[in-house]
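If you read the sequence from its start, that first residue is 1, and numbering goes on from there.
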Amino acid sequence: MRRLFWSALALACGIVQASSAPPIPQDDSGSAPMRFEWRREGPADVCGAHCRTWISATGYITADTPREFEAFAKDPKTRGAVLVLDSDGGSVLGTLALGRTIRGLDMITTIGRTRAVPVTGGEQRATLAPNGNCESMCAFLLLAGSRRYVPPQAQVLVHQIWLGKKRKQALESSYSAEELNIVQRDIGRLAQYTIEMGGSGDLLETALRIPPWEPLYRLSADELSRMRLTTVDGLFDRDAPGPAPATTTSLATVGQPSAPRD
């Protein structure tokens with residue numbers, strides 16, 4: 001852990017010297033703040049008694065997201081539930097706090113897109129597609145699951161964390177000594193968190209190599225496995241009590257059947 005910690009700090013400082021800008025948290029995403037919603041698979045006549053439930057987590061992570069999730073997670077059904085991510089990242093410190101809460105609840109993390117199914121009456125249903133995106137700090141949130149599954153159709157994209165207000169003009173901006181201090185502090189925290197979650201230092205090192213003025217880097221299937229962002233392969237399919245519905249994908253088999261929510 002110490003070697004990863006100091007390697008991360010050295011790499012961060014090297015990046016600062018090379019680009020004259022510190023990689024510190026970004027918060028200026030174009031999406032809405034992250035929302036958490038319980039979802040149940042449907043239509044009911046397709047999945048029958050084996051309709052799945054999951055928690056949809058969509059949007060960017062703010063400093064308030066951990067507190068909002070803690071309020072949401074008062075529902076006892078949250079423990080061990082499937083958390084489906086579709087996010088473009090956000091706050092570093094918000095991600096670390098949220099990730100530790102997710103791990104404490106022994107949740108399963110995956111990536112996907114939830115789409116509501118039109119209903120004429122009764123309970124709202126949804127479908128779950130595997131082609132979601134998990135960008136920037138979302139990759140570290142994915143790491144928080146006690147089990148993690150990345151569908152082949154999903155994208156995990158990484159880059160350097162950066163000061164949100166300066167990200168769009170990273171090369172033109174100037175940075176203070178206090179901001180450089182924030183760099184070392186937050187990179188160190190991120191390194192410690194990565195080890196704590198059972199991840200690989202390769203994840204942090206790879207992310208820190210991609211400056212914000214370059215396209216985000218998509219992790220390959222081999223990198224996802226090597227960085228321990230995906231820890232199971234087909235496990236949920238084998239655990240399913242029956243064949244997957246014809247209108248859904250294998251991702252919809254994540255989790256366990258449960259009774260309809262009130």
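- A pairwise comparison of heavy atoms in P151 and T110 identifies CD-OG1, 3.9 Å as the closest pair.
- With hydrophobic clusters built from ILVMFWY side chains whose heavy atoms lie under 4.5 angstrom apart, M137 shares a cluster with Y217.
- For the residue pair W54 and T114, a side-chain donor N or O sits within less than 3.5 Å of a side-chain acceptor on the partner.
- With hydrogens and angles ignored, the 3.5 Å screen pairs no side-chain donor or acceptor of S87 with any backbone N or O of C134.
- Distance check: T109 OG1 to L143 CG gives 8.0 Å after rounding to the nearest 0.5 Å.
- The CD1 atom of I111 sits 11.5 Å away from the CG atom of L128 when rounded to the nearest 0.5 Å.
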Worked check of side-chain contact (heavy atoms from CB on, under 4.5 Å) between L203 and L219
CA-CA 9 Å; L203 170 60; L219 299 177; 4.1 Å; yes
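- Between the CG atom of D75 and the CD1 atom of I55 there is a distance of 7.5 Å, given to the nearest 0.5 Å.
- Here the side chains of R52 and R39 are not in contact, with every heavy-atom distance at 4.5 Å or above.
- Both I210 and V92 belong to a single network of hydrophobic side chains, linked directly or stepwise wherever heavy atoms of I, L, V, M, F, W or Y lie under 4.5 Å apart.
- Within the 3.5 Å criterion, the main-chain N or O of D86 finds no donor-acceptor partner in the side chain of N133.
- By the side-chain hydrogen bond (donor to acceptor under 3.5 Å, both in side chains) test, R79 is found to be paired with no residue, residues two or more places apart in sequence or in another chain being considered.
- There is a path of hydrophobic side-chain contacts, each under 4.5 Å, that joins I61 to Y193.
- No chain of hydrophobic side-chain contacts below 4.5 Å, direct or via other Ile, Leu, Val, Met, Phe, Trp or Tyr residues, connects L157 to L204.
- Among all heavy-atom pairs drawn from A63 and S91, the shortest one is N-CB, 4.1 Å.
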Step by step, would you call M197 with R100 a side-chain contact (heavy atoms from CB on, under 4.5 Å)?
CA-CA 8 Å; M197 295 297 149; R100 289 187 170 106; 3.8 Å; yes
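- In this structure, the side chains of V232 and I108 stay at 4.5 Å or more apart for every pair of heavy atoms.
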Could you walk me through whether R189 and L93 pass side-chain contact (heavy atoms from CB on, under 4.5 Å), step by step?
CA-CA 9 Å; R189 287 174 172 173; L93 300 184; 3.3 Å; yes
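- With T101 contributing its side chain and A97 its backbone, the two residues share a donor-acceptor pair below 3.5 Å.
- I102 has its side chain within reach of F69: a pair of non-hydrogen atoms, C-beta onward, lies under 4.5 Å apart.
- Residues C51 and R125 are in side-chain contact: their nearest non-hydrogen atoms beyond the backbone lie under 4.5 Å apart.
- Remark: side-chain polar atoms of R103 are paired, donor with acceptor, to backbone N or O of G145 under 3.5 angstrom.
- Side-chain contact between S200 and R228 is present, with heavy atoms from C-beta onward closer than 4.5 Å.
- Proximity of a side-chain donor or acceptor of E223 to a complementary backbone N or O of S220 within less than 3.5 Å is detected.
- Within a 6.0 Å radius of CZ in R35, other residues, nucleotides and ligands contribute 12 heavy atoms or fewer.
- Linking Ile, Leu, Val, Met, Phe, Trp and Tyr whenever their side-chain heavy atoms come within less than 4.5 Å leaves L141 and L216 in two separate clusters.
- The OG atom of S56 sits 9.0 Å away from the CZ atom of R115 when rounded to the nearest 0.5 Å.
- The minimum heavy-atom distance between R40 and T53, with the atom names listed, is NH1-CG2, 3.6 Å.
- How far CE of M34 is from CG of D88: 8.5 Å, rounded to the nearest 0.5 Å.
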D106/S146 under side chain to side chain donor-acceptor pair (under 3.5 Å): CA gap, chis, key distance, verdict
CA-CA 5 Å; D106 194 30; S146 57; 2.7 Å; yes
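- A donor-acceptor contact shorter than 3.5 Å links the side chain of T231 to the backbone of R148.
- Under the 3.5 Å distance criterion, the side-chain polar atoms of T65 are matched with a main-chain donor or acceptor of T62.
- Considering only heavy atoms from C-beta on, T95 stays 4.5 Å or farther from L190 through its side chain.
- Classified by interplanar angle (parallel below 30°, tilted 30° to 60°, perpendicular above 60°), the ring pair W38/F72 is parallel.
- Taking OG1 from T127 and CD from E41, the interatomic distance works out to 9.0 Å, rounded to the nearest 0.5 Å.
- The minimum heavy-atom distance between L142 and V156, with the atom names listed, is CD2-CG2, 4.3 Å.
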